[in-house]
Engineer: 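Here's a structure for you.
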Amino acid sequence: MSELQADLRAAFEDEGYDVDDVTVNRDQVRIVLLAEGESASDLEAITYSVVDEEDVLTMNVTTESVDGQGLSTVVSFRHRG
């Protein structure tokens with residue numbers, strides 16, 4: 001796990017979120033939370049506490065069905081860094 005992944009996982013867990021997975025594929029970062037309907041602005045603020053806002057491109061917060069385990073909230077963005 002990269003330092004970025006570990007830092008993002010820790011930041012979300014410190015705020016009380018259950019993190020299922022944090023992945024990085026090239027410059028695409030994906031954080032899967034075991035919750036649905038979370039506030040996009042709160043999740044963005046947590047992300048920006050770890051990653052400089054200037055290094056974040058096209059952030060999305062969506063609700064998805066992940067591996068048939070019910071609905072999860074997914075934060076994804078392109079990381080310039």
Side-chain angles (χ1 to χ4, degrees):
M1 179 179 292
S2 73
E3 184 177 342
L4 175 62
Q5 289 170 276
D7 290 349
L8 285 166
R9 178 180 288 274
F12 279 92
E13 288 176 345
D14 288 349
E15 293 295 324
Y17 292 98
D18 291 324
V19 179
D20 183 44
D21 199 14
V22 179
T23 58
V24 178
N25 183 2
R26 298 183 187 193
D27 63 348
Q28 185 72 29
V29 179
R30 182 176 162 91
I31 306 152
V32 180
L33 307 174
L34 297 176
E36 63 176 287
E38 300 302 319
S39 166
S41 60
D42 291 347
L43 300 177
E44 289 174 359
I46 296 168
T47 302
Y48 293 141
S49 74
V50 175
V51 182
D52 187 4
E53 193 169 347
E54 294 177 2
D55 293 333
V56 174
L57 305 170
T58 63
M59 182 180 298
N60 292 302
V61 177
T62 59
T63 302
E64 298 179 5
S65 176
V66 179
D67 296 331
Q69 298 178 2
L71 294 177
S72 298
T73 299
V74 178
V75 180
S76 60
F77 62 92
R78 289 186 42 208
H79 181 242
R80 179 182 6 177

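All heavy atoms count here, side chains included; hydrogens, waters and symmetry mates do not. Computed from a predicted structure; not experimentally measured.
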Engineer: What are the two closest heavy atoms between Leu71 and Ser65, and how far apart are they?
Structural biologist: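 Looking at all heavy atoms of both residues, the closest pair is CD2-N, 4.0 Å.
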Engineer: Just do the side chain to side chain contact (heavy atoms under 4.5 Å, CB included) check on Leu33 and Val74 with the steps written out, would you?
Structural biologist: CA-CA 6 Å; Leu33 307 174; Val74 178; over 6 Å; no
Engineer: Report yes or no: does Gln28 contribute a side-chain atom to a donor-acceptor pair with the main-chain N or O of Asn25 at less than 3.5 Å?
Structural biologist: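 No, the answer is negative, given that no donor and acceptor are paired below the 3.5 Å cut-off.
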Engineer: For the atom pair CG (Asp14) and CZ (Arg9), what is the distance rounded to the nearest 0.5 Å?
Structural biologist: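 Those atoms lie 12.0 Å apart.
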Engineer: Report the distance from atom OG of Ser72 to atom CD of Glu64, rounding to the nearest 0.5 Å.
Structural biologist: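 Separation between the atoms: 8.5 Å.
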Engineer: Holding to salt bridge (Lys or Arg N to Asp or Glu O under 4.0 Å), I want the full list of residues that pass it with Glu44, two or more places apart in sequence or in another chain.
Structural biologist: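 Result, salt bridge (Lys or Arg N to Asp or Glu O under 4.0 Å) vs Glu44: none returned.
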Engineer: Using salt bridge (Lys or Arg N to Asp or Glu O under 4.0 Å) as the criterion, list what pairs up with Arg78, not counting sequence neighbours.
Structural biologist: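 Listed in chain order: Asp27.
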Engineer: Rounded to the nearest 0.5 Å, what separation is found between the OG1 atom of Thr73 and the CG atom of Asp18?
Structural biologist: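 Between atom OG1 of Thr73 and atom CG of Asp18 there are 11.5 Å.
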Engineer: Take Glu38 and Val61 through the test side chain to side chain contact (heavy atoms under 4.5 Å, CB included) and record every step on the way to the result.
Structural biologist: CA-CA 9 Å; Glu38 300 302 319; Val61 177; over 6 Å; no
Engineer: In the structure I gave you, are the side-chain heavy atoms of Tyr17 and Leu43 within less than 4.5 Å of one another anywhere?
Structural biologist: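 Sidechains of Leu43 and Tyr17: in contact.
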Engineer: Going from OG1 on Thr47 to CG on Asp42, what distance comes out if it is rounded to the nearest 0.5 angstrom?
Structural biologist: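 Here the interatomic distance stands at 10.5 Å.
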Engineer: Please tabulate, for side-chain N and O atoms in residues 51-59, each donor-acceptor pair with protein atoms closer than 3.5 Å (sequence neighbours left out).
Structural biologist:
none

Engineer: Roughly how far, to the nearest 0.5 Å, is CD1 of Ile31 from CG of Asp20?
Structural biologist: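 It comes to 12.5 Å.
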